[in-house]
Amino acid sequence: MDEFRIDSHKLIFHPREVARWLAGEEIFPIYLEISPSGACNHRCTFCALDFMEYQPRFLDAIVLRERISEMAGLGVKSIMYGGEGEPFLHREIGDIIVHTKRSGIDVGITTNGVLLSRRLAEQIMSSVSWIKVSLNAGNAETYAKVHRTKAADFDRVLENLAAAVEINSRTGADCTLGVQMVLIPENAGTALQLAETAKGIGLRYVVIKPYSQHLKSHTHAYESVDYAAFSHLKDDLATLNDSTFSVIFRERTMQKMKRTKRGYERCLALPFWSYIDSEGTVWGCSAYLGDEAFRYGNILEQGFADIWRGERRKRCSEMVATGLDPEGCRMNCRMDEINLYLWELTHPSAHVNFI
């Protein structure tokens, strides 16, 4: 039921870029994650980026639009607006999203959904490929405890999502709307309730995913969660699946939490993506935010092409290729599946010609 390959990867659909990378040619990232806002209106108990301190920083919209236009010309295909803060706190986020799509870049959004007003949804829906709302409980009481916010936000998010579904249908925008739950002991008992509510609203999917400990997170409350204890949820949730709705229970990712080896000896994925924080800094990997070795440059000071071709990125690439042991990286990072694919591609087993 995972038609969007959320529990897998999509690099297989970009063979030209992979072939150029294999040939040692210069490539620009296919995908970027950009954080328009450092601030957040929630303080989720599991927040991986709590160490960023939710600073009230907002990317300069004029510069960002200029860089987005440049990125489109360089071959960037998609941008996900999310990051260390709540993207909809940026006052010009609607215009930024519309400009991104008009530039020829696909847009995805990860948000807590509180600020997804009808007005904003009317503006952006036709410019967005998907919106995934972080909704980490099936009822208001649990939601308030996990998101560390007022219970009224739960109903507000559901109202916003229902309005987005209506706008999406009425305008023919074809934006995929879904929600995501980070499965932790506090909310596991409400997973089915969340899925039933999401289906009733008319959403396309619910993602149930495991917690992944960030290397720098202040919180360590969930780093030892045993997901085998929640495996029974898969069958209960699967009863809701049909042609218009699916529960994507990330069992494969949960199982990988217990693996002893990652399956690749070096990180190969960095050329295909990047992360820009709310201060405009371009990072090689979101697991190493704040680590100067992964700092490529800043879009407020340089064009993106200059940053990507710059000396700092070159040094980072050399370090990752020769010295970084991924066994010490964040478990199940965003590029994990891509690394498994690229490692197998560059280290094939015997008899691969017998297709």
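Numbers for residues simply follow the sequence, beginning at 1. Because only heavy atoms are used, hydrogens play no part in the values below, and waters and symmetry mates are left out as well, while side chains stay in.
- Remark: the backbone N or O of Ile27 is paired with a side-chain donor or acceptor of Trp308 at under 3.5 angstrom.
- By the criterion of side-chain heavy atoms lying less than 4.5 angstrom apart, applied directly or through intervening Ile, Leu, Val, Met, Phe, Trp or Tyr residues, Leu32 is grouped together with Ile299 in one hydrophobic cluster.
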Taking only distance into account, with no hydrogens and no angle test, what donor-acceptor pairs under 3.5 Å do side-chain atoms of residues 344-355 form with protein atoms, sequence neighbours excluded?
unit_1 : atom_1 : unit_2 : atom_2 : d
Thr346 : OG1    : Leu342 : O      : 2.8
Thr346 : OG1    : Trp343 : O      : 3.3
His347 : ND1    : Trp343 : O      : 3.2

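- In this structure the side chain of Lys199 reaches within 4.5 angstrom of the side chain of Asp242, judged on heavy atoms.
- Ion pair Asp226/Lys258 flagged as a salt bridge, since at least one NZ, NE, NH1 or NH2 atom sits closer than 4.0 Å to an Asp/Glu carboxylate oxygen.
- The pair Glu337-Arg252 counts as a salt bridge, with a side-chain nitrogen and a carboxylate oxygen less than 4.0 angstrom apart.
- With 3.5 Å as the limit, one finds no donor-acceptor pair spanning the side chains of Thr190 and Asn187.
- With Asp2 contributing its side chain and Ile248 its backbone, the two residues share no donor-acceptor pair below 3.5 Å.
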Carefully, step by step, assess Ile124 and Phe88 under the rule side chain to side chain contact (heavy atoms under 4.5 Å, CB included).
CA-CA 11 Å; Ile124 69 173; Phe88 288 153; 4.1 Å; yes
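- Of the listed residues (Lys256, Lys234, Lys209), just one forms a salt bridge (charged side-chain N to carboxylate O under 4.0 Å, His left out) with Glu251, and that residue is Lys234.
- Under a hydrophobic-cluster definition in which Ile, Leu, Val, Met, Phe, Trp and Tyr are linked whenever side-chain heavy atoms come within less than 4.5 Å, directly or via other members, Tyr227 and Leu192 are assigned to the same cluster.
- Atom NZ of Lys10 sits in a crowded spot, with more than 12 heavy atoms from other residues, nucleotides or ligands closer than 6.0 Å.
- Nearest heavy atom pair, residue Ile276 against residue Phe304, reads CD1-CE1, 4.5 Å.
- In this structure, NE2 in His9 is found 10.5 Å from NE2 in His14, a value given to the nearest 0.5 Å.
- Ring geometry for Phe294 versus Tyr288: interplanar angle under 30°, hence parallel rather than tilted (30 to 60°).
- Around CD of Glu327, the count of heavy atoms belonging to other residues, nucleotides or ligands within 6.0 Å exceeds 12.
- The side-chain heavy atoms of Arg262 and Met331, taken from C-beta on, include a pair separated by under 4.5 Å.
- Summarising the geometry, atom CE belonging to Met319 is positioned 5.5 Å from atom CG belonging to Leu324; distances are rounded to the nearest 0.5 Å.
- Listed for the Asn298 side chain is a donor-acceptor partner under 3.5 Å among the backbone atoms of Glu279.
- Taking the side chain as every heavy atom from C-beta outward, His99 and Ser69 approach each other to under 4.5 Å.
- Between Cys40 and Tyr54, the shortest heavy-atom contact is CB-CD2, 3.9 Å.
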Derivation of the side chain to side chain contact (heavy atoms under 4.5 Å, CB included) call for Arg204 and Leu177
CA-CA 6 Å; Arg204 189 69 175 274; Leu177 296 163; 5.7 Å; no
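- Donor-acceptor pairing under 3.5 Å is recorded for the side chains of Tyr222 and Thr45.
- Relative orientation of the His147 and His42 rings is perpendicular, given thresholds of 30° and 60° on the angle between their planes.
- Side-chain contact of Ser278 with Glu84: a donor-acceptor pair under 3.5 Å is present, judged by distance alone.
- Ala39 and Leu89 get closest at one heavy-atom pair: O-CD1, 3.4 Å.
- Remark: Arg91 fails to qualify as a cation-pi partner of Phe58 under the 6.0 Å distance and 45° angle criteria applied to the six-membered ring.
- Within the 4.5 Å cutoff, no side-chain heavy atoms of Pro210 are placed close to those of Leu183.
- Cluster annotation: Leu300 and Ile62 are assigned to distinct hydrophobic clusters (Ile/Leu/Val/Met/Phe/Trp/Tyr, side-chain heavy-atom contacts under 4.5 Å, transitive).
- A continuous path of hydrophobic side-chain contacts links Leu240 to Val165 [ILVMFWY only; heavy atoms under 4.5 Å].
- Within the 3.5 Å criterion, the main-chain N or O of Leu289 finds a donor-acceptor partner in the side chain of Lys216.
- Remark: Leu161 CG to Arg156 CZ distance equals 12.5 Å, nearest 0.5 Å.
- Using a 4.5 Å heavy-atom threshold, the side chains of Tyr205 and Lys132 count as touching.
- Residues Met80 and Trp130 form a side-chain contact, since some pair of their non-hydrogen atoms from C-beta on lies under 4.5 Å apart.
- Within the 4.5 Å cutoff, no side-chain heavy atoms of Cys329 are placed close to those of Asp336.
- Using modelled atom types, one finds no donor on one side chain facing an acceptor on the other under 3.5 Å when comparing Thr219 with His214.
- At least one donor-acceptor pair under 3.5 Å links the side chain of Asn160 to the backbone N or O of Val114.
- Under the ring pair (Phe, Tyr, Trp, His ring centres under 6.0 Å) criterion, the residue pairs touching residues 235-284 are Trp21-Phe272, with sequence neighbours excluded.
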What verdict does the side chain to side chain contact (heavy atoms under 4.5 Å, CB included) test give for Val207 and Arg250, after you've listed the backbone C-alpha separation in whole Å, the side-chain angles of each residue and the deciding distance to 0.1 Å?
CA-CA 7 Å; Val207 176; Arg250 298 192 61 178; 3.7 Å; yes
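- Between the side chain of Asn139 and the backbone N or O of Thr142 there is at least one donor-acceptor pair closer than 3.5 Å.
- Between Ser37 and Glu86, the closest heavy-atom pair is CB-O, 3.3 Å.
- At least one donor-acceptor pair under 3.5 Å links the side chain of Arg330 to the backbone N or O of Ser212.
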For the pair Cys175 and Ile131, evaluate side chain to side chain contact (heavy atoms under 4.5 Å, CB included) and give the outcome as yes or no after the intermediate values.
CA-CA 7 Å; Cys175 173; Ile131 298 175; 3.9 Å; yes
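- Judged as a salt bridge (Lys or Arg N to Asp or Glu O under 4.0 Å), the pairs with a partner in residues 310-321 (not counting sequence neighbours) are, in order, Glu292-Arg312.
- In this structure, Ala61 and His90 approach most closely via the heavy-atom pair CB-CE1, 4.2 Å.
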Would Glu122 and Arg170 count as a salt bridge (charged side-chain N to carboxylate O under 4.0 Å, His left out) here? Give the steps.
CA-CA 10 Å; Glu122 292 275 10; Arg170 169 168 49 81; 2.6 Å; yes
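- Here the closest non-hydrogen pair linking Met52 and Arg57 is CE-NH2, 3.9 Å.
- Side-chain contact between Leu135 and Gln180 is absent, with no heavy-atom pair separated by less than 4.5 Å.
- For the atom pair OG of Ser103 and CD of Glu66, the computed distance is 11.5 Å after rounding to the nearest 0.5 Å.
- One hydrophobic cluster, built from ILVMFWY side chains closer than 4.5 Å, holds both Ile79 and Tyr31.
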